[in-house]
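What follows is a single structure, written as structure tokens, with notes after it.
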Amino acid sequence: MVVACLVTFALLAPLAWLWWNSRLPSEYSVMDMGYADFGGGPGASASDGGHSAHQGVSIETLTVADDRPADVEYELVARQETFTLASGRSVDGYTLNGGSPGPTVHADEGDLVQVTLTNESVPDGATLHWHGVDVPNAMDGVAGVTQNAVMPGESFTYRFVADQVGTYWYHSHQVSHEQVIGGLFGGVVFDPVNASVGGADVDVTAMVHIYDGTRTVNGLEGDVPTEVASGAVVRVRVVNTDNGPMSVWTSGSPYRVLAVDGYDVNEPDVVDGAAITVTAGGRADLEIEVPASGARLELGGNTALLLGEGAASVSEEPAPREFVDLLSYGSPAPLGVDPDDADRQFEYVVDRRPGFLDGKPGLWWTVNGNLYPDVPMFTVSEGDVVTMRIENKSGDVHPMHLHGHHAVVLARNGDPATGSPWWVDSLNVVDGETYDIAFVADNPGVWLDHCHNLPHAAEGLLAHLGYTGYSTPYVIGGDNHNEPE
Ligand code: C2O
Ligand code: CU
């Protein structure tokens with residue numbers, strides 16, 4: 001009996017300890033989370049305690065100058081409510097200015113964009129994150145990392161310069177796995193100043209989103225007629241706001257991939273009979289020259305844009321088996337970053353194993369072998385050239401999203417990139433794949449680097465990128481119940 005008791009205790013005690021230890025405090029800072037990974041570069045000196053040091057410049061200072069007037073202004077009011085999509089379907093979710101998707105934020109290159117978010121009735125609070133826009137850190141919209149959640153009755157003003165051109169989007173980064181799925185998002189389009197050069201005749205933004213299991217484009221379902229004169233050149237900006245990858249292809253006309261994640265493809269080839277995968281959170285700008293018989297842009301297979309005059313009659317072509325491989329698509333051009341001369345080299349290995357997450361037993365995602373919150377703070381200094389190897393051994397696909405920076409793909413499974421420079425903020429990493437990417441650490445602050453299958457992020461599939469000399473005063477939890485994922 002005594003022996004049996006001792007054996008039981010010996011077996012249960014470590015489990016109980018693991019369970020107890022996994023419980024998250026009611027308030028904690030990402031500055032104390034996990035461990036610092038210096039990627040082979042210089043570490044923090046022993047005297048400042050390294051990673052957990054809260055001294056350093058507050059990220060609150062990382063803004064654009066207050067005295068610069070706005071060129072473009074938006075007021076967005078967030079509500080939790082039951083609303084009607086453009087298709088007539090009623091959805092229980094979240095709106096901006098009464099609808100979902102929210103208004104598209106349009107600006108010209110170089111404009112100072114000012115957006116005021118007012119939370120009228122989202123009980124958990126809300127924020128706006130500018131996905132793919134490399135804003136100053138204090139404008140990144142991550143509750144508990146770059147600001148507090150904006151509670152009902154409160155407002156927050158985002159100000160940043162449209163330094164990039166192309167297609168981006170915004171969404172809440174407070175309880176994002178609920179709020180984004182429920183509709184708290186919208187598009188962002190920044191036009192180049194010389195937009196007339198090589199521009200399209202028609203420019204369409206296609207916000208694709210699954211509400212309650214039904215895929216929609218701009219809130220519409222099924223075949224969505226889009227009036228376009230025959231012979232017109234159309235640019236469709238496809239934004240995947242969902243949690244999984246989406247196949248996109250055309251019927252009745254070939255297409256070209258003009259841009260990926262906002263960044264132009266160099267000398268894009270004509271694609272005929274192949275689909276492009278748009279990863280969760282990612283964007284692809286496609287160019288289609290619409291023939292007299294019309295064309296269809298197939299968005300995942302059950303939703304399409306019908307491009308043409310009147311009711312275009314072109315029929316749907318089945319999903320191609322071939323896919324555009326962005327590793328070899330288009331023509332090479334200088335990268336403007338020398339990955340052979342990297343200052344830091346990181347690994348981001350995604351796997352899963354049994355364990356406890358905040359006291360809950362389960363099969364949880366790991367980052368470099370560790371369960372949340374024991375995840376790395378990839379630590380860089382301003383100006384570093386950084387390489388990262390992302391390896392997926394987890395049995396599932398992960399759309400990996402780095403905030404505040406664009407990275408260029410160097411290789412996949414060891415095969416070097418041979419096409420156009422392929423710049424991403426959201427990268428589809430399939431089980432078994434390894435990607436090598438590079439970026440320049442040119443945007444100081446504390447940034448998320450996570451899976452954009454948002455329920456995965458809420459299950460701890462995330463890490464941070466931090467700059468030496470900066471820290472955030474915000475905390476996860478706390479009075480505003482900040483819960484970024
Ligand atoms: Cu689209 Cu961390 O976000
Ligand atoms: Cu994932």
Side-chain angles (χ1 to χ4, degrees), residues 30 101-102 105 126-135 137 139-147 149 158 167-188 207-209 239-245 261-262 278-283 348-352 357 362-367 371-372 375 378 390-407 424-433 435 443 445-465 472 474 476 482-485:
V30 299
V105 170
T127 63
L128 296 180
H129 164 61
W130 307 92
H131 186 120
V133 185
D134 300 331
V135 299
N137 192 231
M139 300 289 111
D140 199 41
V142 181
V145 181
T146 67
Q147 68 173 94
Y158 298 91
T167 311
Y168 306 92
W169 63 300
Y170 63 85
H171 62 76
S172 181
H173 224 305
Q174 162 76 346
V175 203
S176 60
H177 72 287
E178 273 176 36
Q179 295 187 5
V180 182
I181 292 169
L184 230 174
F185 67 87
V188 175
M207 304 295 297
V208 183
H209 192 72
V239 184
N240 181 355
T241 66
D242 288 312
N243 290 307
D261 284 2
V278 183
T279 195
R283 288 84 61 213
Y348 196 139
V349 182
V350 180
D351 205 340
R352 73 192 310 189
L357 180 69
L363 189 58
W364 301 112
W365 309 113
T366 58
V367 176
L371 296 171
Y372 183 90
V375 293
F378 299 117
I390 306 173
E391 195 177 343
N392 181 354
K393 310 199 282 189
S394 70
D396 201 346
V397 57
H398 301 292
M400 301 307 295
H401 171 50
L402 171 62
H403 285 213
H405 302 75
H406 276 73
V424 292
D425 53 63
S426 308
L427 182 63
N428 204 58
V429 186
V430 168
D431 182 40
E433 277 184 341
Y435 273 95
N443 198 6
V446 180
W447 304 97
L448 251 63
D449 187 355
H450 66 95
C451 175
H452 219 280
N453 185 329
L454 298 172
H456 290 182
E459 292 165 357
L461 213 182
L462 64 90
H464 297 92
L465 174 72
T472 176
Y474 300 103
I476 312 287
N482 294 321
E483 192 184 335
E485 279 73 45

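Ligands are counted one by one from 1 in listed order, and the atoms in each one are counted from 1 as well.
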Legend entry - Donor + acceptor pair across side chains of Q147, Y158 (<3.5 Å): yes
Inset, instruction - If the plane angle is over 60° it's perpendicular, under 30° parallel, otherwise tilted; pick one for F185 and W169. - result: perpendicular
Inset, instruction - Check the angle between the aromatic planes of H401 and H450 and answer parallel, tilted or perpendicular using the 30° and 60° thresholds. - result: perpendicular
Legend entry - the Cu ion (ligand 2): protein N, O or S atoms [distance under 2.8 Å]: H398 ND1, C451 SG, H456 ND1
Inset, instruction - List in chain and number order the residues that pass side chain to side chain donor-acceptor pair (under 3.5 Å) with T366, two or more places apart in sequence or in another chain; answer none if no residue qualifies. - result: none
Inset, instruction - For this output row, return yes or no: ring centroids of W130 and H171 closer than 6.0 angstrom. - result: no
Inset, instruction - Return the set of residues passing ring pair (Phe, Tyr, Trp, His ring centres under 6.0 Å) with H177 (not counting sequence neighbours), or none when no residue passes. - result: none
Inset, instruction - Determine, using ring centers only, whether F378 and Y348 are less than 6.0 Å apart. - result: yes
Inset, instruction - Can you spot which of D425, L461, L462, T279 makes a side-chain contact (heavy atoms from CB on, under 4.5 Å) with M400? - result: L461
Inset, instruction - Step through it carefully: locate the ring centre of W447, locate the ring centre of H405, and say whether they are under 6.0 Å apart. - result: yes
Legend entry - N, O or S atoms of the protein lying under 2.8 Å from atom 2 (Cu) of ligand 1: H173 NE2, H403 NE2, H450 NE2
